[in-house]
Each structure stands twice: as C-alpha cells, then as structure tokens.
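Here is the structure we will look at.
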Amino acid sequence: MIDTARYKVKPGAKIRLQDYSTKRDEAADRREVEDCLMPANIQKLSVLQERLYAENTRALLVVFQAMDAAGKDGCIKHVMTGINPQGVFVSSFKVPSSEENDHDYLWRIHQKAPRRGEIGVFNRSHYEDVLVSRVHDLLQSSQMPKDRLRPDIWTTRYRQICDYEKYLWENGVETVKFFLHISKDEQRKRLLKRIYDPDKNWKFSASDIQERKHWDKYMQAYEDMLPATSTARSPWYVLPADSKWFTRYLVSQVLAQKLEQMNPQFPELSGEKRAKIDECRFILEKDGLEI
Ligand code: AMP
Ligand code: MG
C-alpha cells in the first residue's frame, strides 16, 4: 500500500514545488490499480460515507486546487463515482459574481460548507483568493477598503483561512486539501488535446493560455500558501498529477484513510426507538400473514 503521508505538506516548512514530483513516483501497476485497488477504495468510501450520513454529526470537506487541466474534474468524477449522490455535494468556484464581490471572500465559501453527514467537494475554493488574486493583484481594484490592503495581506488571509478551517473542525467539519501538481509540459499536451479533440473543445478556454503565461508566479503563490495553510487537522497533499490514474488512486487512498480515521458510527437506538421498531415489526409480520 502506498504511504500517502509523504505527500503531506509539513505545516510552516519552506517548500519548493520543483522538489515535488509531477510524475508517478511509486511503483504501481495501472491494471491492478484500475481493476482492484481503486474499486476497493471506492467501495470502502461508499460504506464509510453511508455511516457518516447515518451518524449525521460530522462532515468532510475535500478541497481541490490546481492549474488548469491538472485533472480536478476527472478526479472528482472518478473518485466520487459509486458514492451515494445524496451524501456528496460538489461546488465549483468560478470568478466571483458582483453579488459575491459585495461580500467578504469567505461568504460564498461558507454557504457551500457541507452539512452534517455530507462530503462536500470544492472544485477550486477560498484558496483562489490567495492565488489568482495574488498573481493578478486583484485586490487593488477590488471593493476592499484601501486601509485594509496592507503589504502583509496574504499572511493575514492565510491566518483567516486557518482560523476558518479550525472553526469548521471545532464544529465537526474536517478538511482534506489536494493540490494536483502537473508539469507545465503535461499541461501543454492536455490543452492541445482539448483543441484537437472536438468532444473536448468545450473544456478549452482561451484564458487557460493567459494563465499559463503566469506559471512561475502561480508556483510561487502555491509555494507560499501551501505550508502556511497546511495544518495537522487540515493538511495539504501535493499529489503528482501527470498521470491521471495514479493521482485518482492517491486521492481515493487518502480519502478512504481519512474516513477510516474519522470512523463514523451508525447511531445507537434508544430503548424507546428499539421498542417502537419491535412493535412495527410485529404489525408488519402479522399483516403479511393476513394476505
Ligand atoms: P474553471 O475552474 O476552469 O471553470 O475556471 C474558473 C476560473 O475562475 C479560474 O480561472 C479561476 O482562477 C477563477 N476564479 C475562481 N475563484 C476566483 C476568485 N475568487 N477570484 C478570481 N477568479 C477566480
Ligand atoms: Mg478551466
């Protein structure tokens, strides 16, 4: 079994993304992963998710961040397949609307925080507000009051985000965060595929090319943000993303382990409820006999 702990970002450590592999860095057989290991993880997730739903006290928030075409959508699709859709909600965060911009940046995020019993998946997240906002210096032209735009605004936001995730944890919502780490060359190939393949054209956006020009600035923003917001309770995982099947497998592995560790339980029936169930069983069994 792959040790996923080594993909975790140590809180506060200085990191260089070039030290993290974008390529598959563990021996794994694709056939075995796709035919056995991945389905086994998904089965595990499905059973644990049912217990989480029944327990109805805690929730799990799964955050995905990455450069374009790193495979966030595919990962969500493949890993969440097989889980009861009643208990999983995916939220995609796009360029904020004018209503969203009228509020603080966590306003739209918290509306999508998972309910008790649910797994909430964020396809992009509040982290865009320390990534794209930083790379494009968006705060200068935003509605933020000028006197709050101090030079340490990003450190301030990291603190706010850590506080927010701590708040969630203290209220029963646990968080796991994935950065899908793709190489610039693999992104080029995937974007070209979106252009060559007519069925994939819809996924292509000219803005992806614009963002790609800022690759280094994005990497710097990630390098700064990841250790500043990776905590023991809501860690970041930097996963190699050049090989889609391998990334999906790692994600399924981390999530299965996370839910195992949360160990949700079916609620215990009170004596009163037990007695009611026995009474109903008696009625139904007798009903059957009369037919
Ligand atoms: P996609 O996920 O490919 O559909 O693209 C969504 C776009 O919305 C990306 O370019 C994100 O960077 C952008 N986006 C998401 N959140 C924010 C935000 N808070 N501020 C500015 N742009 C954002
Ligand atoms: Mg896109």
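Heavy atoms only: backbone and side chains are in, while hydrogens, waters and symmetry mates are out. Please read these numbers as outputs of a predicted model, since none were measured by experiment.
Under the rule for a salt bridge (charged side-chain N to carboxylate O under 4.0 Å, His left out), the partners of R31 that lie at least two apart in sequence or sit in another chain are D35. For R24, the side chain to side chain donor-acceptor pair (under 3.5 Å) test picks out no residue, with sequence neighbours left out. The side chain to side chain donor-acceptor pair (under 3.5 Å) check on H136 picks up E211, with sequence neighbours excluded. For S133, there are no side chain to side chain donor-acceptor pair (under 3.5 Å) partners at least two apart in sequence or on another chain. Applying the salt bridge (charged side-chain N to carboxylate O under 4.0 Å, His left out) test to D208 and every residue at least two apart in sequence or in another chain returns R194. Taking the side chain to side chain donor-acceptor pair (under 3.5 Å) definition, one finds that E55 meets it with T57, R58, sequence neighbours left out. In this view, K72 satisfies the salt bridge (charged side-chain N to carboxylate O under 4.0 Å, His left out) rule with no residue, not counting sequence neighbours.
Rounding to the nearest 0.5 Å places CG of L37 at 4.5 Å from CD of E32. A distance of 14.5 Å separates CH2 in W154 from CZ in R159, rounded to the nearest 0.5 Å. Residue R233 holds its CZ atom at 12.0 Å from SG of C162, rounded to the nearest 0.5 Å. Between atom CZ of residue R157 and atom CG of residue L106 there is a gap of 8.0 Å, rounded to the nearest 0.5 Å. Taking NZ of K217 as the reference point, atom CG of L131 lies at 13.0 Å (rounded to 0.5 Å). Note that CE of M80 and CZ of R248 are 13.0 Å apart. Values are rounded to the nearest 0.5 Å.
Hydrophobic clustering, defined by side-chain heavy atoms of Ile, Leu, Val, Met, Phe, Trp and Tyr closer than 4.5 Å, groups F204 together with L191, I195, I209. L192 shares a hydrophobic cluster with Y196; the chain of contacts runs through ILVMFWY side chains whose heavy atoms sit under 4.5 Å apart.
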Yes or no on side chain to side chain contact (heavy atoms under 4.5 Å, CB included) for M225 and I161, after CA distance, side-chain angles and deciding distance?
CA-CA 10 Å; M225 172 282 275; I161 289 174; over 6 Å; no

Given the rule in the side chain to side chain contact (heavy atoms under 4.5 Å, CB included) test, do H110 and L168 qualify, once you have shown the distances and angles that lead to the verdict?
CA-CA 10 Å; H110 195 50; L168 289 180; 4.0 Å; yes

Could you check V176 against V63 for side chain to side chain contact (heavy atoms under 4.5 Å, CB included), going step by step and ending with a plain yes or no?
CA-CA 6 Å; V176 174; V63 171; over 6 Å; no

Show the numbers, then the answer: is there a side chain to side chain contact (heavy atoms under 4.5 Å, CB included) between V79 and L45?
CA-CA 9 Å; V79 177; L45 276 176; 3.9 Å; yes

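Heavy-atom neighbours of E50 CD from other residues, nucleotides or ligands within 6.0 Å: at or below the threshold of 12. Under a cut-off of 6.0 angstrom, the local environment of NZ in K14 is sparse, with at most 12 non-hydrogen atoms contributed by other residues, nucleotides or ligands. Crowding of K203 atom NZ: a count of heavy atoms from other residues, nucleotides or ligands under 6.0 Å exceeding 12.
Cluster annotation: L255 is connected to I119 through the hydrophobic network of ILVMFWY side chains, with a link wherever side-chain heavy atoms come within less than 4.5 Å. Note on F122: it does not cluster hydrophobically with L180, by side-chain heavy-atom contacts below 4.5 Å among ILVMFWY residues. Residues L60 and I109 do not share a hydrophobic cluster, clusters being chains of Ile/Leu/Val/Met/Phe/Trp/Tyr side chains in contact below 4.5 Å. Linking Ile, Leu, Val, Met, Phe, Trp and Tyr residues whenever their side-chain heavy atoms come within less than 4.5 Å places V121 and Y237 in a single cluster. At a threshold of 4.5 Å between side-chain heavy atoms, the hydrophobic network of Ile, Leu, Val, Met, Phe, Trp and Tyr places I42 and F64 in one connected group.
Contact check for L239 versus Q253: no side-chain heavy atoms found under the 4.5 Å cut-off. Residues H103 and R108 have side chains not in contact (no heavy-atom distance under 4.5 Å, counting atoms from C-beta outward). Using a 4.5 Å cut-off on side-chain heavy atoms (C-beta onward), L226 and Y20 make no contact. You'll find the side chain of R124 stays beyond 4.5 Å of the side chain of V132, heavy atoms only. Here the side chains of I182 and D242 are in contact, with some heavy-atom distance below 4.5 Å. When side chains are defined from C-beta on, M219 counts as touching M67, because their heavy atoms get closer than 4.5 Å. By the 4.5 Å heavy-atom criterion applied to side chains, W236 and Q65 are counted as neighbours. Within the 4.5 Å cutoff, no side-chain heavy atoms of D129 are placed close to those of F93.
The two residues A228 and D224 make their nearest non-hydrogen contact at CB-O, 3.5 Å. Summarising the geometry of G120 relative to P114, their closest heavy-atom pair is N-CB, 3.7 Å, with the distance given to 0.1 Å. Pairing each heavy atom of A221 with each of Y158, the nearest pair is O-OH, 4.3 Å. P227 and Y222 get closest at one heavy-atom pair: CD-O, 4.3 Å. Minimum heavy-atom separation, V251 to C75: CG2-SG, 3.6 Å. Scanning both residues, P235 and S230, for their nearest heavy atoms gives CA-OG, 3.6 Å.
Panel note: side chain N201, backbone D197; a donor-acceptor pair is recorded below 3.5 Å. Counting only distance, with no hydrogens or angles, the side chain of S207 and the backbone of Q210 share no donor-acceptor pair below 3.5 Å. Between the side chain of T22 and the main chain of P240, no donor-acceptor pair closer than 3.5 Å is present. The backbone N or O of T231 lies less than 3.5 Å from no partner atom in the side chain of S234, so there is not a single donor-acceptor pair. Side chain of T81 to main chain of K77: a donor-acceptor pair is present (N/O by atom type, distance under 3.5 Å, no hydrogens or angles). Checking side-chain atoms of E118 against main-chain N and O of R115 turns up a donor-acceptor pair under 3.5 Å.
Between D185 and R188, at least one side-chain nitrogen of the basic residue sits less than 4.0 Å from a carboxylate oxygen of the acidic one, meeting the salt-bridge criterion. A salt bridge is absent between K213 and D68; no separation between the charged side-chain nitrogens and carboxylate oxygens falls under 4.0 Å.
Contacts classified as side-chain hydrogen bond (donor to acceptor under 3.5 Å, both in side chains) and involving residues 1-12 (residues at least two apart or in different chains) are given here: T4-Q257, R6-D25, R6-E26, Y7-D25. Contacts classified as side-chain hydrogen bond (donor to acceptor under 3.5 Å, both in side chains) and involving residues 169-180 (residues at least two apart or in different chains) are given here: Y127-K177, E165-K177, E174-K258.
Classified by interplanar angle (parallel below 30°, tilted 30° to 60°, perpendicular above 60°), the ring pair Y164/Y167 is parallel.
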Quick one: side chains of residues 267-278, donor-acceptor pairs under 3.5 Å with protein atoms, not counting sequence neighbours, listed by atom name and distance.
residue: S270; atom: OG; partner: K273; partner atom: N; Å: 3.1

